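Since the structure comes first, as structure tokens, the remarks are kept for the end.
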Amino acid sequence: MREALAEAAFQLFMERGFEQTTVDDIVARAGVGRRSFFRYFPSKDDAVFPDHERCLADMRTFLADHPGGDPVAQVCDAARLVLRLYATNPEFSVQRYRLTREVPGLRTYELSVVRRYEVTLASYLRGRYGTSRDGALRAEMIAAAVVAAHNNGLRTWLRSGGAGHPDAEVDHALDLVLRVWTESGQVSWDGHPADAAPTARPDERADADADDTESATGPGAGGDRRGDRDPGGEGGDADDGDDVIVVVAKRNAPLWRVVQRIESALEKD
């Protein structure tokens, strides 16, 4: 019944327009009474998004079944459940996307649904990070990043009219989140933060500039010290092309600034 009502509603929205369609029109098309409609949907807005409640439930189940491993990777995989939902019926997904662009009220409703996904992911991450320093803050930031990345890839696909499969766009966006929050060392798998330069000496930290970070190319901060090493020894580097980027950062330096400095150093090459 739920699916039949949602199908009747969407058909009318496409034929007559969202604002011009009433609940009475929908139940007449579906051949049921008003009470049946409101048993499944609080309003006609909800009939535009009939599948998100089930998807949210699936997401919670997925996360509950994956209490270990890299938490960032787990929430990225959880977000892909939403992608699968849209990819199952590309034509409907594209039409709904266009409808939400035309009706401001539906756009507002859609944003509230997006927020519920974000809250679900953040709740899981808070449980994984426990009482680690800035654990709650990291959970909110990562959840927001995952949702934003997923939606960016998904909407790119929807704007194309559903051409091809959305996996490539979404995977690319989510991989960026993984690189920022795992490879950078900002969040370890056990939820404890890893500082950008935990072993830096006081004299090295003092060299950090007013922007909180400093980068240098070469085998160590301070320049090329190849002459101080035995190029044939076990600790030596006989390959002159293997430069190393060293970043010295204050503990409270924002992640975006650290990444910016690394990218800047790489571009200089």
Side-chain angles (χ1 to χ4, degrees), residues 2-3 6 46 48-90 92-94 96-97 100 107-132 134-159 162 164-194 255-256 259:
R2 182 184 180 87
E3 290 75 15
D46 295 273
V48 180
F49 304 93
D51 36 23
H52 283 291
E53 288 296 333
R54 183 176 68 253
C55 191
L56 276 163
D58 291 344
M59 178 180 286
R60 295 187 187 101
T61 300
F62 174 87
L63 293 171
D65 290 342
H66 293 79
D70 182 355
V72 184
Q74 300 293 16
V75 292
C76 284
D77 286 343
R80 289 186 173 92
L81 295 176
V82 184
L83 172 65
R84 198 176 308 159
L85 171 69
Y86 278 79
T88 300
N89 191 340
F92 172 74
S93 297
V94 170
R96 177 167 62 185
Y97 173 75
T100 56
R107 176 58 179 154
T108 301
Y109 184 95
E110 183 185 44
L111 290 174
S112 71
V113 173
V114 170
R115 176 56 183 163
R116 293 179 66 190
Y117 284 116
E118 188 176 318
V119 168
T120 299
L121 298 180
S123 177
Y124 168 81
L125 290 169
R126 281 195 300 272
R128 292 295 307 276
Y129 295 148
T131 59
S132 61
D134 293 333
L137 175 60
R138 290 174 185 273
E140 293 289 344
M141 293 175 67
I142 294 171
V146 168
V147 169
H150 170 274
N151 288 349
N152 179 275
L154 175 61
R155 287 168 184 160
T156 298
W157 175 69
L158 291 171
R159 284 193 294 268
H165 200 281
D167 276 355
E169 295 288 349
V170 173
D171 285 347
H172 174 73
L174 292 177
D175 283 347
L176 179 58
V177 175
L178 281 168
R179 290 200 301 272
V180 169
W181 285 103
T182 54
E183 292 180 17
S184 66
Q186 291 301 306
V187 177
S188 62
W189 283 22
D190 62 2
H192 291 84
L255 174 63
W256 66 266
V259 175

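No experiment lies behind these values; they were computed from the predicted model shown.
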In Å, rounded to the nearest 0.5 Å, how long is the span from [atom1] of [X] to [atom2] of [Y]?
{"X": "Leu85", "Y": "Phe92", "atom1": "CG", "atom2": "CZ", "answer": "8.5 Å"}
{"X": "Arg115", "Y": "Ser112", "atom1": "CZ", "atom2": "OG", "answer": "11.5 Å"}
{"X": "Leu56", "Y": "Thr61", "atom1": "CG", "atom2": "OG1", "answer": "10.5 Å"}
{"X": "Glu110", "Y": "His52", "atom1": "CD", "atom2": "NE2", "answer": "7.0 Å"}
{"X": "Asp70", "Y": "Leu178", "atom1": "CG", "atom2": "CG", "answer": "6.5 Å"}
{"X": "Leu154", "Y": "Trp157", "atom1": "CG", "atom2": "CH2", "answer": "7.0 Å"}

Identify the heavy atoms of [X] and [Y] that sit nearest to each other, and give their distance.
{"X": "Ala145", "Y": "Val177", "result": "O-CG2, 3.7 Å"}
{"X": "Met59", "Y": "Thr120", "result": "SD-CG2, 3.9 Å"}
{"X": "Cys55", "Y": "Tyr117", "result": "CB-OH, 3.3 Å"}
{"X": "Ala149", "Y": "Ala173", "result": "O-CB, 3.2 Å"}
{"X": "Gly68", "Y": "Arg128", "result": "O-NH1, 3.5 Å"}
{"X": "Val146", "Y": "Ala79", "result": "CG1-CB, 3.8 Å"}

Task: Short N-O contact, Arg84 and Asp58, less than 4.0 angstrom - done: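 Looking at Asp58 together with Arg84, the answer is no, because their closest N to O distance does not fall below 4.0 Å.
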Task: Electrostatic pair Arg80-Asp77, nearest N-O below 4.0 angstrom - done: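 Judged by the 4.0 Å cut-off on N to carboxylate O distance, Arg80 and Asp77 do form a salt bridge.
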TODO: Side-chain contact test, heavy atoms from C-beta onward, threshold under 4.5 Å: evaluate it for Leu121 versus Leu63 and give yes or no.
DONE: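 A side-chain contact under 4.5 Å exists here.
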Looking at residues at least two apart in the chain, or sitting in another chain, which of them share a side-chain hydrogen bond (donor to acceptor under 3.5 Å, both in side chains) with [X]?
{"X": "His165", "answer": "Asp167"}
{"X": "Arg2", "answer": "none"}
{"X": "Tyr109", "answer": "Asp46"}

Task: With Arg159 via salt bridge (Lys or Arg N to Asp or Glu O under 4.0 Å) - residues at least two apart - done: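 Residues passing salt bridge (Lys or Arg N to Asp or Glu O under 4.0 Å) with Arg159: none at all.
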Task: Where at least one partner belongs to residues 143-154, residue pairs that pass side chain to side chain donor-acceptor pair (under 3.5 Å), sequence neighbours excluded - done: none
- [ ] List in chain and number order the residues that pass ring-ring contact (aromatic ring centres under 6.0 Å, His included) with His66, two or more places apart in sequence or in another chain; answer none if no residue qualifies.
- [x] Phe62
